[in-house]
Amino acid sequence: MNLLSPNMRTDAPSAVREMAVVEERSSVVRDYLRILQRWRFVILGSVAACVVLGLIFTMLMTPQYTATTTIEIARESNSVTRFEGVERDTSLADQEFYQTQYGLLQSRSLSERVAQQLRLVDDPTFFKRFGVSDSDPAFALVNGRYAAAGRATRLRVAGETLLDHLSISPTRLSRLVDVRFTSPNAAFSAKVANVWAENFIQTNLERKVQATSYGRNLLQRQLTEAKERLDQSQRQLVGYASAQQIINLPAQPTASGGTSERSIVADELAALNSALAQATADRIQAAARAQQTGAAGGSAEALRNGAINSLRQKRAELAAQYQQLLSQFEPQYPPAVALKSQIEQLDRSIGREEGRVQQSIQTEYRQAVEREQSLQARVDQLKASYLDLRRRSIQYNIYQQEVDTNRTLYDGLLQRFKEIGVAGGVGINNISIVDPADTPARPSAPRPLINMLIALLVGLGLGTLLSFILEQIDDAIGAPSEIGASLGLPLLGTVPKLDGQLPKEALVDRKSDLVDSYIAVQTSLGFTTEHGVPRSFAVTSTRPAEGKSSTALALATTLARSHLKVILVDGDMRSPSVHHFGDVGHERGLSNFLSGQDEIESLIFRMEDLGISAMSAGPIPPNAAELLTGNRLPLLIDRLLQSYDHVVIDSPPVMGIADALLIANRVEGVVYVIESNGIRVSMVKTALARLAAADARIFGGVLTKFVSRRGYYGYGYDYGYGYGRNNKLSAN
């Protein structure tokens, strides 16, 4: 029954890939941990050395005292006349200003100014305090004093020394700046920090004064030039006006800032034109009155005359009395005749008054006409004169405009000159001291804890770096996984390193880790051929002392314990070792048979404790390779296989000699022994290449002298060797 759904089966490949990625990452981490664990003593040594050096350095350091003065640098306005204290908001564009101020705080000129003010140039104690070398002739003492000739050099060195021990620390997102000075003397540090800030403020004011002075001098030169141009244009204007007889009234200011002069002709023409208009109006009015006087209703003026009205009123009264008398008496009645005579006299008087009024109106009309005509003639004359004046005033106006322009420029420069003078006298300063430096009570350096922490971190970093460098330099095979990754060989097994025990003693103890490891190698070797463990195989290595003889002995022993007949042949006729395992000599052995002796039984000895037979190398021949090149070795192997199930040959090392190649070509294959952390990968690859060139079959590699309990090799190797034994011991 399939418990997986279709979707789960579909997602299986991606899940496998994800698991592979996770495994690869964890493998990388394990590799790094393995490297660190392998070279842990290098890392610990580096840490210890750095900590010791840091401790020594801390103890030998001279205590240093740091004094801090806090100043405020406000953003100043670009205009020198704006001294009313208006501040602008700080923006990104102001960073250029502040960076400039920070640079000025660390300028050479400021440091030399402080050195001069504190009289450090001629103070031997100052140079000695900061360890300044006296090899220069400028620092030669004569009667306890410096020579005056080297003052410039000492000033430069003093300024550089002060700068080397000064630090500027702006406070983020503020206008505050900390000026710190460090020296072995606490009072001196505070003094230098305060004097540094004061001189910075003073130099800032001096730069402003210099800028104001330069501006005043420049404006003064410009004022002189503008005054000369103005005088010249005025003389030119007056000369032209005199030549052309142009007389104008005083100038009047205009809306555009210039001046406009008025001529006498224009003023007179304007006045007469107004008088002419009034005269014309008077003449029209007089003509109207004259016309009304001649018409039927022309007695309007007479009606408005007081004398005539008085006479008419008196006549009306007399006429009323006369009519009253006629109603009673005859016209010849004397009182009636007298009243009539008075009425007639009044009529004559009224007629005379009305004639005078009419004559007065006519006279007024004629005078109005004459006045109008006279004014008209004068206006016409002035118009001609004004047009002629306008023609002659064209060049005059050009000269006048030049005068106005020069006067405007002169007035502007004069005003600017006065403003700069006022601003220079105000002396605005945008830099102030917020907190002056106090004498530090405790040294700022050395700091033991921080120094130790830094030494520890440096030691860890240096040790880690050295471990990775050594790992790259040391290409020895240390982990079982490297046999396949670096050499491309199948891993047959790993063999632990023996501590204080001989290989034969460990093989006798069937519960030893060595026996377990070689049983695992034998098991892996059983899968290399179709018929199981190869019947004939050689055990070799790259160089001597890698454990090939012990491996050959151990594989022969484990095969014999599987109820098989096994013989171990010592194929290393240059440096024999198998006879040592049997505590016999090598007077008879392989070299005898290869030399022509056919009897084999006399060449074999028995190791009863291990249950195997063995053949020593025999007498050491002059040239072992010559004995191996013939057909005697294949013949020996064939004859041994007739009596034994397996033939194990302890082969010589591959590098340097051809013996191992000749033996490898005569057996089914080779078991290649590699010493853990003892042989370089490049040498192993060269040896394997030689075996491949000899057409030898390599079954796989065995990693010997492996320290299985080192945690950096990961889980698995230490697990198998002692599995179950502790439980059994505790149970017993």
Side-chain angles (χ1 to χ4, degrees), residues 66-121 155-156 158-183 188-220 416-438:
T66 300
T68 302
T69 298
T70 303
I71 63 175
E72 179 188 6
I73 303 177
R75 183 69 169 93
E76 60 182 3
S77 174
N78 292 330
S79 175
V80 297
T81 61
R82 188 177 299 173
F83 50 87
E84 58 271 14
V86 178
E87 296 182 354
R88 300 190 307 172
D89 294 336
T90 303
S91 62
L92 293 177
D94 296 332
Q95 293 304 316
E96 179 182 355
F97 166 77
Y98 285 105
Q99 292 299 325
T100 302
Q101 298 302 313
Y102 304 153
L104 292 175
L105 269 170
Q106 302 176 81
S107 62
R108 179 180 56 83
S109 59
L110 181 58
S111 65
E112 293 180 355
R113 178 171 179 152
V114 172
Q116 285 183 336
Q117 181 172 343
L118 296 178
R119 299 179 180 179
L120 304 177
V121 181
L155 177 61
R156 175 181 55 81
E160 293 175 353
T161 304
L162 292 177
L163 282 176
D164 291 340
H165 294 79
L166 180 83
S167 63
I168 304 299
S169 300
T171 303
R172 182 175 175 81
L173 300 178
S174 72
R175 296 177 294 189
L176 300 179
V177 180
D178 291 336
V179 180
R180 296 188 176 94
F181 187 81
T182 304
S183 74
F188 182 76
S189 297
K191 186 176 182 180
V192 171
N194 289 326
V195 172
W196 200 285
E198 293 170 359
N199 278 268
F200 178 64
I201 295 174
Q202 187 63 31
T203 54
N204 182 64
L205 291 174
E206 290 176 358
R207 283 194 300 272
K208 290 184 178 181
V209 171
Q210 291 176 358
T212 303
S213 176
Y214 177 79
R216 285 176 58 87
N217 295 335
L218 178 62
L219 285 177
Q220 190 169 10
R416 181 68 172 171
F417 183 78
K418 293 178 180 179
E419 290 176 353
I420 290 180
V422 173
V426 172
I428 307 169
N429 184 27
N430 61 312
I431 303 173
S432 60
I433 297 177
V434 178
D435 291 325
D438 296 328

Query raised in the report: Taking C-beta and beyond as the side chain, do Val434 and Leu176 meet within less than 4.5 Å on heavy atoms?
Result: yes
**Report entry** Minimum side-chain heavy-atom gap Ser183-His165 below 4.5 Å
**Finding:** no
Requested in this report: Any chance you could measure Gln116, atom CD, to Ser111, atom OG, to the nearest 0.5 Å?
Outcome: 10.0 Å
Report task. Drop me the distance from Asn194's CG to Asp435's CG, to the nearest 0.5 angstrom. Result -> 10.5 Å
Requested in this report: Using the six-membered ring wherever Trp is involved, compare the ring planes of Phe188 and Phe181 and label them parallel, tilted or perpendicular (cut-offs 30° and 60°).
Outcome: perpendicular
**Report entry** Separation of Leu118 CG from Lys191 NZ (nearest 0.5 Å)
**Finding:** 5.5 Å
Report task. Using a 4.5 Å cut-off on heavy atoms from C-beta on, say whether the side chain of Gln101 contacts that of Ile431. Result -> yes
Query raised in the report: What is the distance from atom OG of Ser174 to atom OH of Tyr98, rounded to the nearest 0.5 Å?
Result: 8.5 Å
Which atom pairs, donor and acceptor, lie under 3.5 Å between side-chain atoms of residues 195-203 and protein residues at least two apart or in another chain?
residue	atom	partner	partner atom	Å
Trp196	NE1	Leu105	O	2.9
Asn199	OD1	Arg113	NE	3.0
Asn199	ND2	Gln117	OE1	2.6
Asn199	ND2	Val195	O	2.7
Thr203	OG1	Asn199	O	2.9
Thr203	OG1	Phe200	O	2.8

Report summary line: Rounding to 0.5 Å, atoms CD1 (Ile73) and CG (Asn204) come to a distance of 8.5 Å
Query raised in the report: Listed by chain and number, what are the salt bridge (Lys or Arg N to Asp or Glu O under 4.0 Å) partners of Arg108, not counting sequence neighbours?
Result: Glu112
**Report entry** Worked check of side-chain hydrogen bond (donor to acceptor under 3.5 Å, both in side chains) between Thr70 and Asp178
**Finding:** CA-CA 5 Å; Thr70 303; Asp178 291 336; 2.9 Å; yes
Report summary line: Applying side-chain hydrogen bond (donor to acceptor under 3.5 Å, both in side chains) to Thr66 and not counting sequence neighbours gives Thr182, Ser444
